[in-house]
Asker: 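The structure is given below, and queries will be raised subsequently.
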Amino acid sequence: MLSNLNLAKSDTFFWDEKRGVIRTRKGGWIPGEAVYCHGFDMMENLVGQASYFQVLVLNATGRLPERRLADWLEAYFVCNSYPDARIWCNQVGSLFGTMRATPVSAISAGILASDSKMYGPGTIKAGVKFFVDAVAKKRGGISVEEIVLSCQRGPRAKPVILGYARPVANGDERIEAMERVTKKLGFEHGEHLSLAFDIEKIMLEKTKEQMNALAYVLPFLCDQGFSVQEIYCLLAALVYAGVIACYAEAADQPPESFFPLHCEDIDYQGKPPRPVPA
Amino acid sequence: MTTRKNQVRKRDMSFANRTMTKIWQEIPSEQNPYLAEACRCHGYDILELAQKRSFSEVLFLLFQGELPTPEQARMLEFLFVSMINPGPRHPATRAAMNAGVGKTTPAHILPIGLNALGSEYLGGQEVEAAIRFFRKNLRDSPNALVAECLKGERPHKGDWHIVPGFGSRFGEIDPMPLKIIALLRTKGSGQAISWGCSFAEALKPYGMGWLSTGVVAAVLSDLGFLPQTGAGLFQLICAPGILAHGLELTNKPISAMPFLDEEHYVIEPESRKK
């Protein structure tokens, strides 16, 4: 809620009301009574009945999803569990392993590393915005080609759209895998996802770039009614399993033996030796 | 059959064989190429720097490639001391304190607090945005810009950061950043600090002024630091206070911090049971 007040009030009532108390619609633990979670008794209604991913969605959004949606989400987490130590966030896990950091710090750091503008959860805000805006434009009568061309950074430049370029490779094996899951679980392509595929056709013509998993998953989740912030929360720990694989392997080896570097393996291009001025 | 899987192609990209740096040179030991015999920071031997220069001077050197002038060094030193501790009520410090009293591994305390301090609101990301704000607007009239910004929508509740680094804190102008900036001006302020003071003065009738993030951004901007250094340097500046508060609680019982009783942890009725 926003208003157009020009003068600031200096009273502190807004904060005074919240001082010394936590009010929540999420839930909490009443010892000897129950652990409440969005209206559910966690031990009675959720444990053994709802999947972990259902509870994850419940806690992030306040809504308990049907099991198949939670299963779909879990499948996408599996899709992002590459145990490849060359991937930036995973190598963070390896380096933590070789330093004998705790697995918790390795996972936290790996997830932080994936909060990136290039890949991982850090791309979600801009990605969702693009697809939500694109659907609005299409509903307003703008053609898919015009939507794509509006993403050119110059009159002769190729259009650049998040979700239609992938670091290291062109194309994405995860889309085919997730399409199988989507069909198996009985989901249809909604308005956002259908548009994402239409955009891919134009992008292929103009740039030869295929869609990547982001351009599949974000529109799918938009079609399921999630907001951008909800999607960011749901996918925050996406790379967790890949990071832990790389951490575990490095932690099993002698310390500092993961991908060690000679001094000369760093290419120094700075200033030559000089004395410190007095 | 053509599938998406077999249409995936590795790009024809060339990656560096060796990682490049202009910051640090390690001279290998003759006996063991993994060990450094000497280390140089932008050409200066680190041990010579350790003997002749202060921490803040070498910090400046690390990021800018040259040692600071005496005036620049004083400004940076003043910033580091005046902002050394966000205080025990700041959410980032409280995150560290919660972790401390919760008996986390002590090594985790600082990263926890600093992650919170990397945030968009009163955190490192606001410092970065504020440096960009200064760079973009230093040639504009502060009064005209305030008038323009006031046309924006003010949040109905809570504080308003009308632009990054400026706004209200708990409904008022925060006095501490104001005092810090006043002292900084006596040390010779640059363009961002001077312009920011005019901007803050124009905001004063509306109950807004300098925020701590704005002060840090103005100093860093005047010292020539790039916007992308803002978040991390703000974390570095505030790190000692955050760590000290977190560690202060690690050896105390869990009862040393509030754990609200049910009267003060209010679960809304609809959330208790469907």
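Side chains are part of it too, since the values below use all heavy atoms of this structure and drop only hydrogens, waters and symmetry mates. Lettering follows sequence order; numbering is per chain, from 1.
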Asker: Tell me whether B/N17 at atom CG has more than 12 heavy atoms from other residues, nucleotides or ligands lying less than 6.0 Å away.
Answerer: no
Asker: So, are A/E33 and B/R272 salt-bridged, with charged N and O less than 4.0 Å apart?
Answerer: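 Looking at B/R272 together with A/E33, the answer is yes, because their closest N to O distance falls below 4.0 Å.
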Asker: In residues 56-64 of chain B, which residues are in contact with chain A at a heavy-atom separation under 4.5 Å?
Answerer: B/L61
Asker: Quick check for you: among B/E263, B/M13, B/E66, which has the greatest number of heavy-atom pairs under 4.5 Å with chain A?
Answerer: B/E66
Asker: Answer with side chain, backbone, both or neither: which region of B/M20 has an atom nearer than 4.5 Å to a non-hydrogen atom of chain A?
Answerer: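 Contact with chain A is through both the backbone and side chain of B/M20.
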Asker: Can you measure from CD (B/E262) to CH2 (A/W29) and round to the nearest 0.5 angstrom?
Answerer: 8.5 Å
Asker: Which bit of B/K52 is near chain A, if near means a heavy-atom gap under 4.5 Å: side chain, backbone, both or neither?
Answerer: side chain
Asker: Who are the salt bridge (charged side-chain N to carboxylate O under 4.0 Å, His left out) partners of A/R63, not counting sequence neighbours?
Answerer: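 Result, salt bridge (charged side-chain N to carboxylate O under 4.0 Å, His left out) vs A/R63: A/E230.
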Asker: Heavy-atom cut-off 4.5 Å, strictly under: side chain, backbone, both or neither for A/A101 against chain B?
Answerer: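 Neither the backbone nor the side chain of A/A101 comes within 4.5 Å of chain B.
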Asker: Tell me if the NZ atom of A/K26 is crowded by more than 12 foreign heavy atoms within 6.0 Å.
Answerer: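 Yes.
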Asker: Any ion pair linking B/E270 and A/R25 (charged N to carboxylate O, less than 4.0 Å)?
Answerer: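 Salt bridge present between A/R25 and B/E270.
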Asker: What residue in B/T21, B/N32, B/D159 has the most heavy-atom pairs under 4.5 Å with chain A?
Answerer: B/T21
Asker: Quick check on the structure: residues of residues 96-123 of chain B within a heavy-atom distance below 4.5 Å of chain A, by number.
Answerer: B/H108, B/N115, B/E120
Asker: Using non-hydrogen atoms and a 4.5 Å limit, figure out which bit of B/L49 sits close to chain A: side chain, backbone, both or neither.
Answerer: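 Both the backbone and the side chain of B/L49 come within 4.5 Å of chain A.
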Asker: OG1/A/T24 to CD1/B/I267 distance, rounded to the nearest 0.5 angstrom?
Answerer: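 Answer rounded to 0.5 Å: 7.0 Å.
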Asker: Rounded at 0.5 Å granularity, tell me how far NE2 in A/H38 sits from OG in B/S271.
Answerer: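 So the gap between those two atoms works out to 7.0 Å.
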Asker: Is the closest basic N to carboxylate O distance between A/E173 and B/R9 below 4.0 Å?
Answerer: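 Salt bridge: no.
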Asker: Non-hydrogen atoms of chain A under 4.5 Å away: do they reach the side chain of B/I173, the backbone, both or neither?
Answerer: neither
Asker: Any side-chain heavy atom of B/V266 sitting closer than 4.5 Å to one from A/I22?
Answerer: no
Asker: Does the B/R53 side chain pair with the main chain of A/P277, one donor and one acceptor, at a distance under 3.5 Å?
Answerer: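 Yes, the answer is positive, given that a donor and an acceptor are paired below the 3.5 Å cut-off.
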Asker: Non-hydrogen atoms of chain B under 4.5 Å away: do they reach the side chain of A/T102, the backbone, both or neither?
Answerer: side chain
Asker: Tabulate below the donor-acceptor pairs under 3.5 Å that side-chain atoms of residues 254-269 of chain A make, not counting sequence neighbours, or state none.
Answerer:
from   : atom 1 : to     : atom 2 : distance (Å)
A/S257 : OG     : A/P254 : O      : 2.5
A/D265 : OD2    : A/H262 : N      : 2.7
A/D267 : OD1    : B/R18  : NH2    : 3.2
A/D267 : OD2    : A/Q269 : NE2    : 2.8
A/Y268 : OH     : A/K271 : N      : 2.9
A/Y268 : OH     : A/K271 : O      : 2.6

Asker: Side chain from CB out, backbone as N, CA, C, O: work out which of these in B/Q25 comes under 4.5 Å of a heavy atom of chain A, or both, or neither.
Answerer: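 Both parts, backbone and side chain.
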Asker: For A/P273, is it the side chain, the backbone, both, or neither that has a heavy atom closer than 4.5 Å to a heavy atom of chain B?
Answerer: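 Looking at A/P273, backbone and side chain both touch chain B.
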Asker: Any side-chain heavy-atom pair from B/F15 and A/V168 closer than 4.5 angstrom?
Answerer: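 B/F15 vs A/V168: side chains touch.
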Asker: Do you know the tightest heavy-atom contact between A/T12 and B/F170?
Answerer: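 The pair with the smallest heavy-atom distance is CG2-O, 3.8 Å.
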Asker: Please check if the side chain of B/R11 supplies one atom and the backbone of A/R166 the other of a donor-acceptor pair under 3.5 Å.
Answerer: yes
Asker: Could you look at A/N170 and say if it's the side chain, the backbone, both or neither that has a heavy atom under 4.5 Å from chain B?
Answerer: both
